[in-house]
Each structure stands twice: as C-alpha cells, then as structure tokens.
2 protein chains.
Amino acid sequence: MVKSELMKYSCPLGKAMSALGSKWKPIIVLVIKDRKLRFGELAVRINVISRKVLTDQLREMQTDGLIIREEFKELPPRVEYSLTEKGLALLPILYQLEEWETKYHVYDPQKEKDCKMIMEEKKIKKTVV
Amino acid sequence: MVKSELMKYSCPLGKAMSALGSKWKPIIVLVIKDRKLRFGELAVRINVISRKVLTDQLREMQTDGLIIREEFKELPPRVEYSLTEKGLALLPILYQLEEWETKYHVYDPQKEKDCKMIMEEKKIKKTVV
DNA sequence: CTGTATCCCCGTAGATACTG
DNA sequence: CAGTATCTACGGGGATACAG
C-alpha cells in the first residue's frame, strides 16, 4: 500500500468514493434500480460502455457489496444482476445528485450539439439513464 | 469530442459525476465547508495531496462553479477559497454519502493496520476529513 | 505564501477478436 | 448469451525542483 491509496481508508467519504467514484458505477446503480437485469440488458441500456469494462465494473461492485450476481446454469447462459441493500440505499443519494445537477446546470449549446453529432456518427439510438 | 466523453453530457448524473467524480473534489468541498480557507490551510488539512494536484483540482472546481477563488495582491500573497451556492448545496449530499459508508462499512483490520503503518512511515500526523 | 514546470508512472477504459 | 483475452492509449495523479 502506498501513500496515494491512503485516502481510501482514512475517511468515510474516501471509502465511499472508492466504491462509487469510478466512471460508470453510479450509472450502473441507477440503471439496475429495483429490478433484476441481465447482462445484455445492462449493455443495451448503457450502450456507450464496452462489454469488458461493464464486466470489470460489475465484478468490483460485487466485491464492494453493491450488487448481487445470479448465474443460471442454462443454455444459453443467463446472468441477472440486482442491487443489495447497500446498493439500494445509494439510490436516494444518486437522485439527489441528479437534482443538484439539474438545478445548477449551465446550458452549453455547443456541447449539446457535439453530443448529438457523435451520437449520430456512432449510431447510438438511446443513451444512458 | 469522442464517444468516451459522451456520458458527460448525456445525462444529469453523468454531468454531476464529471464535476465531482475525481479523486479529491468531494474531499475538498467537505474540507472548505462554510468557511474561507487559504491555500496553505487546505494543503495542511488534506496533507496526502500534492500541491500541484490541489491547484489543478481547485482550478477545475472554479471552472465548474463549485468554489470561489479570491486573490489578495499582498506580500506575501494570500488566496482564499470558499464554496459557491452550488458547492454548498453539495454538502448535505456528501454528508449522506458519509453516513451511507459508515452504516455499511465492512471493517478490515488488515487495511487499518496498513494505513497506520504508512502514516507513520510518511510522518503524516493528521489526515483528511 | 502560492503556486508552476517537468517528468513519469500506473490504472482505467477502449477496441477487437475469440470462447464455452 | 455472457463473457475472456490481448493489446493499446490516454490522462489523472504524484515527486521534486523552481519561481514571483
């Protein structure tokens, strides 16, 4: 363990952010919500994420106790993800973050334009959350 | 703009996390709180962060409208940082994150030991938050 | 005192092809 | 369907020295 990792263990917020602070985890929590979702459904709903990264993130979240992974030994295989109690407890906080962002949002027409452009270019029909 | 940045503009939570999702920003918000703090005070309170990175983060947070930077043209120079309304609105959410972490925290004695060890090794007396 | 200027490491995440 | 396996790129973050 090096100095740079110290924060992860030295304060509650540091620990919280290390479980939640990655690029995709909050999104994943919000997308799963109170349902069970299969891997493929997750991949479709968050279609700007690659399957490898999605897998990685799900594994870490499982380790951190945020989600439950149920594997059904069928053919074709089926895996369902759902939130643990800990993960569910995160939902209201994430909603508040959304509200916060919406309330203080500064509208940037250029960014919106860029966003539209790239979505067409990449043939992305529907985006996250 | 590339696909990977799409999330930043495609949903509120994405935008929120891009303003807040870095390693140090939530900590900085929590440390400034309702006071005005000088650069040096911040550096002492978050003493596991390098001055360069602290500067970088503060600049970005200023751009995102989270903090106010007041520069006094004195000798020696003095700079004071405080939260904007937007930054202040973040505080209750961060407190809830702390509570969340505290509630669902899994105690890991090994990590705690590692943490103590490195703090002595690096002569860190007091840590963040 | 409050930063810059460099230089560098390492981890996250992306693309693509392949597998049980 | 639900992943792995590789390889690669980028940039956040860190150490250290220097500057106004």
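Naming convention: chains lettered A, B, ... in sequence-line order (proteins, then strands); numbering from 1 in each chain.
Atoms CG (Leu42(B)) and C1' (dC1(C)) sit 13 Å apart, rounded to a whole Å. Nucleotide dG12(D) holds its P atom 15 Å from the CE atom of Met17(A), rounded to whole Å. Note: CG (Leu54(B)) to P (dG12(D)) measures 16 Å, nearest angstrom. Regarding Lys73(B), its NZ atom lies at a distance of 14 Å from the P atom of dG20(D), rounded to whole Å. Taking atom CD1 on Ile49(B) and atom C1' on dA15(D), their separation rounds to 14 Å, with Å as the unit. Atom CZ of Phe72(B) is separated from atom P of dG20(D) by 24 Å (rounded to the nearest Å). Across the protein-nucleic acid pair, Glu74(B) atom CD and dT2(C) atom C1' stand 12 Å apart, rounded to whole Å. The CG-P distance, from Leu58(A) to dA2(D), rounds to 12 Å in whole Å.
Here Lys33(A) pairs with Arg35(A), Leu91(A), Tyr95(A) under the side chain to side chain contact (heavy atoms under 4.5 Å, CB included) rule; sequence neighbours left out. With sequence neighbours excluded, no residue forms a salt bridge (Lys or Arg N to Asp or Glu O under 4.0 Å) with Lys103(B). Here Glu41(B) pairs with nothing under the salt bridge (Lys or Arg N to Asp or Glu O under 4.0 Å) rule; sequence neighbours left out. Every side chain to side chain donor-acceptor pair (under 3.5 Å) that Glu80(A) has, sequence neighbours left out, goes to Arg78(A).
Between Glu41(A) and Gly21(B), the one whose closest nucleotide on DNA chain D sits nearer the 5' end is Glu41(A). Two residues, Gly40(B) and Glu60(A), neighbour DNA chain C, and the one matched to the more 5' nucleotide by heavy-atom proximity is Gly40(B).
Axis angle, first five pairs versus last five pairs of the helix from dC1(C)-dG20(D) to dG20(C)-dC1(D): 50°, rounded to 10°.
You'll find the side chain of Asp34(A) stays beyond 4.5 Å of the side chain of Leu83(A), heavy atoms only. Using a 4.5 Å heavy-atom threshold, the side chains of Gln62(B) and Tyr81(B) count as separate.
Ile49(B) and Val79(B) fall within a single hydrophobic cluster, where Ile, Leu, Val, Met, Phe, Trp and Tyr side chains are chained together by heavy-atom contacts under 4.5 Å.
Here the side chain of Lys23(B) is nearest to one of dT2(C), dA13(C), dG13(D), namely dG13(D). Of the listed nucleotides (dG20(C), dG14(C), dG14(D)), dG20(C) has the atom at the smallest distance from the side chain of Pro77(A). Counting only heavy atoms from C-beta on, Val53(A) has its side chain closest to dA13(C) among dG3(C), dA13(C), dG13(D).
Listed here is the closest heavy atom pair of Leu37(A) and Ile32(A): CD1-CA, 4.1 Å. The two residues Gln57(A) and Ile28(A) have their closest heavy-atom pair at CB-CD1, 3.8 Å. Taking all atoms of both residues into account, the shortest heavy-atom contact from Met17(A) to Pro26(B) is CE-CG, 3.7 Å.
Note on Gln57(A): only backbone sugar-phosphate atoms sit closer than 4.0 angstrom, heavy atoms only; bases stay farther off. Nucleic acid contact class of Tyr81(B) (heavy atoms, under 4.0 Å, all strands): sugar-phosphate only.
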Protein-to-nucleotide contact annotation, 5' to 3' order, nucleotides 4-10 of chain C [B base; S sugar-phosphate only; - none; under 4.0 Å, heavy atom]: BBB----
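Close to dT2(C), at under 4.0 Å from its OP1 or OP2, lies a side-chain N or O of Arg38(B).
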